[in-house]
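Before any comments, here is the structure.
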Amino acid sequence: MMDLVAGGRGAEMSRQKFSVAYSGRDRPDDHSIDAESLGPALVAFGRLIREANSEFNDKRAAAKVLVVSDFEHKCFNINFEVVMSVFEHVKSLIGDDKVSTAKDILEWIGLVKPIALSSLTYLGYLKWKNGRKVINTTTLVDQDKSGFVGVQVEGEHNPIVINQHVYNMSINPKALKATRDALSPVGSDGFDSIDLRDEGHIVDKLDHKKIDEILSSCNAGLEEIGEESPEVEETSAWLSVYSPVYDLSADKWRFKLGKEPVYVDISETEIARDALARGGALADDAYFVTLQVTTPKDKSGKIGKQSYKIIEVRRFIGAKPTSQGSLFDK
């Protein structure tokens with residue numbers, strides 16, 4: 001069940017649970033999975049949901065994915081909870097169709113049972129597409145179909161109508177790579193299917209055939225996007241403040257990553273707000289974060305300058321005050 005509750009710093013939150021069970025008929029009943037398969041899959045679900053949140057909500061809300069595992073006969077079941085925090089400056093939009101809740105986003109991805117959707121989910125579209133090349137798209141702008149796109153693929157005479165956000169995700173390299181990684185445990189260690197569950201009920205069973213269809217669409221989409229798509233990775237890192245930032249509205253701060261000074265996007269965090277509440281920030285204030293590292297490359301494979309973005313602040317260690325003063329002192 002999804003509900004709205006009061007969150008920290010005056011934010012509003014929506015929450016929604018779902019489950020994913022990797023299973024196999026010939027699996028030993030030892031409730032185990034290879035850590036090298038599970039790790040990327042867990043991270044991938046988080047990435048996929050954050051990409052969906054970015055597509056549906058832009059910068060109006062932030063998504064966090066929590067995980068708790070349990071075990072069932074011959075399968076490895078993972079319980080997720082998505083916590084969606086709507087930023088304070090858009091609190092008034094709760095209930096407005098411009099802010100999608102956690103449940104809305106999971107429905108459109110296809111991870112929970114939809115109440116009423118007007119077109120295919122993201123996973124449903126990838127299964128239908130089955131790796132076929134898109135040969136034509138048409139944005140529908142009439143009163144009844146605003147926000148939808150007609151997509152025609154090879155072998156189909158008539159286009160299919162899907163939600164614009166679903167289509168955008170299907171050409172988003174980060175979403176496609178996350179989808180591919182989330183399905184990666186199937187085909188190894190005896191796992192041959194995935195059960196998608198909502199409150200204990202199976203919403204969809206992705207067998208080998210369906211997973212192959214989705215993977216084919218992911219691979220085809222990435223190939224169509226081309227090699228100039230940047231490589232995006234997430235990692236844990238300690239960052240320390242390097243130089244003063246006097247403008248609280250600045251979306252980038254300068255940190256030290258190891259010994260290297262780098263500019264880091266903080267736009268989806270509360271770093272500036274929290275620093276102001278403390279009375280300022282100091283050089284060498286340290287943050288333990290989930291850091292997104294984007295490495296651009298051109299068609300020749302030449303690597304460009306990396307960019308950095310903080311996805312989540314996990315811990316803060318304040319520097320000891322000295323005569324240097326606050327970063328917000330003038």
Side-chain angles (χ1 to χ4, degrees), residues 18 20-22 34 36-56 63 65 78 80 105-112 117 119-137 149 151-156 159-160 162-189 191-196 203-234 292 294-297 299 301:
F18 70 100
V20 173
Y22 300 99
D34 190 323
E36 292 189 4
S37 296
L38 177 63
L42 291 179
V43 172
F45 273 108
R47 287 177 178 171
L48 175 59
I49 290 166
R50 281 196 296 273
E51 286 303 309
N53 175 57
S54 178
E55 171 60 39
F56 280 84
V65 181
I78 307 167
F80 292 92
I105 288 174
L106 291 176
E107 286 181 352
W108 276 114
I109 295 174
L111 293 174
V112 300
L117 294 184
S119 64
L120 285 175
T121 65
Y122 167 68
L123 291 178
Y125 170 64
L126 293 182
K127 284 186 288 183
W128 174 85
K129 186 170 180 275
N130 192 16
R132 293 176 292 180
K133 185 178 180 180
V134 174
I135 58 177
N136 187 46
T137 61
V149 57
V151 180
Q152 185 178 1
V153 300
E154 292 177 327
E156 295 285 342
I160 188 172
I162 60 174
N163 184 281
Q164 179 72 60
H165 294 307
V166 168
Y167 175 73
N168 291 346
M169 285 186 63
S170 76
I171 57 173
N172 179 336
K174 289 188 259 186
L176 292 173
K177 290 177 182 179
T179 304
R180 196 168 57 180
D181 289 346
L183 304 180
S184 62
V186 175
S188 62
D189 294 334
F191 294 111
D192 57 22
S193 64
I194 297 177
D195 292 342
L196 303 178
V203 175
D204 195 1
K205 188 176 186 68
L206 303 179
D207 57 21
H208 247 305
K209 182 177 182 295
K210 291 180 180 178
I211 289 173
D212 285 349
E213 291 169 348
I214 293 172
L215 293 177
S216 293
S217 294
C218 291
N219 291 334
L222 289 167
E223 185 176 345
E224 290 176 20
I225 292 167
E227 286 298 316
E228 52 195 317
S229 300
E231 291 292 333
V232 180
E233 296 181 337
E234 290 184 9
Q292 183 183 86
T294 301
T295 306
K297 58 181 179 179
K299 292 183 178 179

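These numbers were taken from a predicted model, which means no experiment stands behind them.
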Counting N and O atoms only, with roles assigned by atom type, does the side chain of [X] sit under 3.5 Å from a partner on the main chain of [Y], one being a donor and the other an acceptor?
X	Y	value
S217	L126	yes
S54	R50	no
S184	D181	yes
K133	A220	no
S119	N163	yes

Side chain to side chain donor-acceptor pair (under 3.5 Å) against [X], all qualifying residues, sequence neighbours excluded:
X	answer
N219	R180
K209	E213
Q152	none
T179	Y122

Query raised in the report: So F56 and H165, would you call those rings parallel, tilted or perpendicular, with 30° and 60° as cut-offs?
Result: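 Tilted.
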Requested in this report: Quick one: closest heavy-atom pair of L120 and V166, and the distance?
Outcome: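 Heavy-atom minimum between the residues: O-CG2, 3.9 Å.
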Query - For D207, all residues meeting salt bridge (charged side-chain N to carboxylate O under 4.0 Å, His left out), sequence neighbours excluded - result: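 For D207, no residue satisfies salt bridge (charged side-chain N to carboxylate O under 4.0 Å, His left out) once neighbours in sequence are set aside.
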Requested in this report: Name all residues meeting the salt bridge (charged side-chain N to carboxylate O under 4.0 Å, His left out) criterion together with R47; count only those two or more places apart in sequence or in a different chain, and write none if there are none.
Outcome: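 Not a single residue meets the salt bridge (charged side-chain N to carboxylate O under 4.0 Å, His left out) criterion with R47.
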Report task. Evaluate whether atom CD of E156 has more than 12 neighbouring non-hydrogen atoms of other residues, nucleotides or ligands under 6.0 angstrom away. Result ->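 Count over threshold, so yes.
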Query raised in the report: Name the one of D195, V186, D192 that satisfies side-chain contact (heavy atoms from CB on, under 4.5 Å) with Y22?
Result: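 Per the side-chain contact (heavy atoms from CB on, under 4.5 Å) rule, the option paired with Y22 is V186, out of D195, V186, D192.
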Query - Side chain to side chain, I162 and W128, heavy atoms closer than 4.5 Å - result: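 The answer is no; the side chains never approach within 4.5 Å.
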